[in-house]
Amino acid sequence: ESWEGSALLSDDGASAPQVAVNASSTTAISWTIQRTKTEVEVNTRVSGTAWSSASITQLSAAAQNGANSAVGIDSSNNPMVAWSYQYDGTNYKIQASTWDGSDWITAANLSGILSAVGNVRLAVNGNGNAAAVWSGTASGGSLQLVYAAFLKTLSTNSWTAETVVSRSTIATEVPRV
């Protein structure tokens, strides 16, 4: 195999790209971009097709600061993206959206209120099962803990309630999944 030529996927101001490729070479890339607020965008392409700027979708709400995106894709070519966002100007939440085969499903809130948030990570297997993990400090808390949520139903973007998966007595950072 050989590398394809490069393609411009975003406007100026984009940063922190994340990429996922499945076994059939369908590719999804998410990134943040600075506009009035920082937004999370995604672009996908099926193997054998060209990248297109018309395929760029803004996932985070324009009025919120989105960041820390993570992307995954299942064997049915359904990408999903998780990210953090500043929902009230001070505190944060984690959201995720999945592609249902024709459109991006409205973002689901995965977390409660966090006064600080760190890295968001996402893993997807071939059956469409997904795990999102992130580090964060609960509102009113003092330790940064690792949380997880699991996708229950892809077609409805339904996730389990968040669960603390790290020790609750030790500060943690940079989860991996």
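Numbers here are sequence positions counted from 1.
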S.K.: Under the side-chain contact (heavy atoms from CB on, under 4.5 Å) test, which residues partner Asn65, sequence neighbours left out?
M.R.: Lys37, Thr38, Gln86
S.K.: Nearest 0.5 Å, please: how far is OG in Ser76 from CG in Asp100?
M.R.: 12.0 Å
S.K.: According to side-chain contact (heavy atoms from CB on, under 4.5 Å), who are the partners of Asp12, at least two apart in sequence or on a separate chain?
M.R.: none
S.K.: Give me the atom names and distance for the closest heavy-atom approach of Gly72 to Val124.
M.R.: CA-CG2, 3.7 Å
S.K.: Could you state whether Val40 and Met80 fall into the same hydrophobic cluster, counting links through intermediate Ile, Leu, Val, Met, Phe, Trp or Tyr residues with side-chain heavy atoms under 4.5 angstrom apart?
M.R.: no
S.K.: So which of Val19, Thr44, Asn43 actually passes side chain to side chain contact (heavy atoms under 4.5 Å, CB included) with Thr27?
M.R.: Val19
S.K.: Return the minimal non-hydrogen interatomic distance between Asn22 and Ser75, and the atom names on each side.
M.R.: ND2-CA, 4.0 Å
S.K.: State which residues pass side-chain contact (heavy atoms from CB on, under 4.5 Å) with Ala14; sequence neighbours excluded, sorted by chain then number.
M.R.: Ser10, Trp31, Ile33
S.K.: Under 4.5 Å between side-chain heavy atoms, hopping through other hydrophobics if needed: is there a path connecting Val120 to Leu114?
M.R.: yes
S.K.: Between Leu110 and Ala132, what is the shortest heavy-atom contact and its length?
M.R.: CD1-CB, 3.9 Å
S.K.: Between Lys93 and Ile113, is there a side-chain heavy-atom distance shorter than 4.5 Å?
M.R.: yes
S.K.: Would you name the heavy atoms of Trp159 and Ala130 that are closest together and state the gap between them?
M.R.: CH2-CB, 4.0 Å
S.K.: So, taking the atom named OG in Ser84 and the one named CD in Gln64, what distance separates them when rounded to the nearest 0.5 Å?
M.R.: 11.0 Å
S.K.: If only atom types and distance count, is the side chain of Gln58 paired as donor or acceptor with the main-chain N or O of Ser60 below 3.5 Å?
M.R.: yes
S.K.: Would a 4.5 Å heavy-atom cut-off, applied to side chains only, mark Ser15 and Thr32 as touching?
M.R.: yes
S.K.: Ser47 and Ser24: which non-hydrogen atoms are nearest, and at how many Å?
M.R.: CB-O, 3.1 Å
S.K.: Roughly how far, to the nearest 0.5 Å, is OG of Ser55 from CD1 of Ile29?
M.R.: 11.5 Å
S.K.: Which residue pairs pass the ring pair (Phe, Tyr, Trp, His ring centres under 6.0 Å) test with at least one member in residues 68-103, sequence neighbours excluded?
M.R.: Trp99-Trp104
S.K.: Locate the shortest heavy-atom distance separating Glu41 from Ile56; write the atom from each residue and the value.
M.R.: OE1-CG2, 3.7 Å
S.K.: Is the backbone of Phe150 close enough, under 3.5 Å, to the side chain of Thr160 for a donor and an acceptor to pair up by distance?
M.R.: yes
S.K.: Restricting to side-chain contact (heavy atoms from CB on, under 4.5 Å), what partner residues turn up for Ala116, sequence neighbours left out?
M.R.: Thr137
S.K.: Main chain of Ile94, side chain of Ser111: is a donor-acceptor contact present, judged purely on distance under 3.5 Å?
M.R.: yes
S.K.: What residue among Asn77, Asn78, Asp74 forms side-chain hydrogen bond (donor to acceptor under 3.5 Å, both in side chains) with Thr26?
M.R.: Asn77
S.K.: Roughly how far apart are Thr106 OG1 and Leu59 CG, rounded to 0.5 Å?
M.R.: 11.0 Å
S.K.: Report the residues that fulfil salt bridge (charged side-chain N to carboxylate O under 4.0 Å, His left out) with Asp11, sequence neighbours left out, ordered by chain and then residue number.
M.R.: Arg35
S.K.: With rounding to the nearest 0.5 Å, note down the distance linking CD in Glu39 to OG in Ser69.
M.R.: 12.5 Å
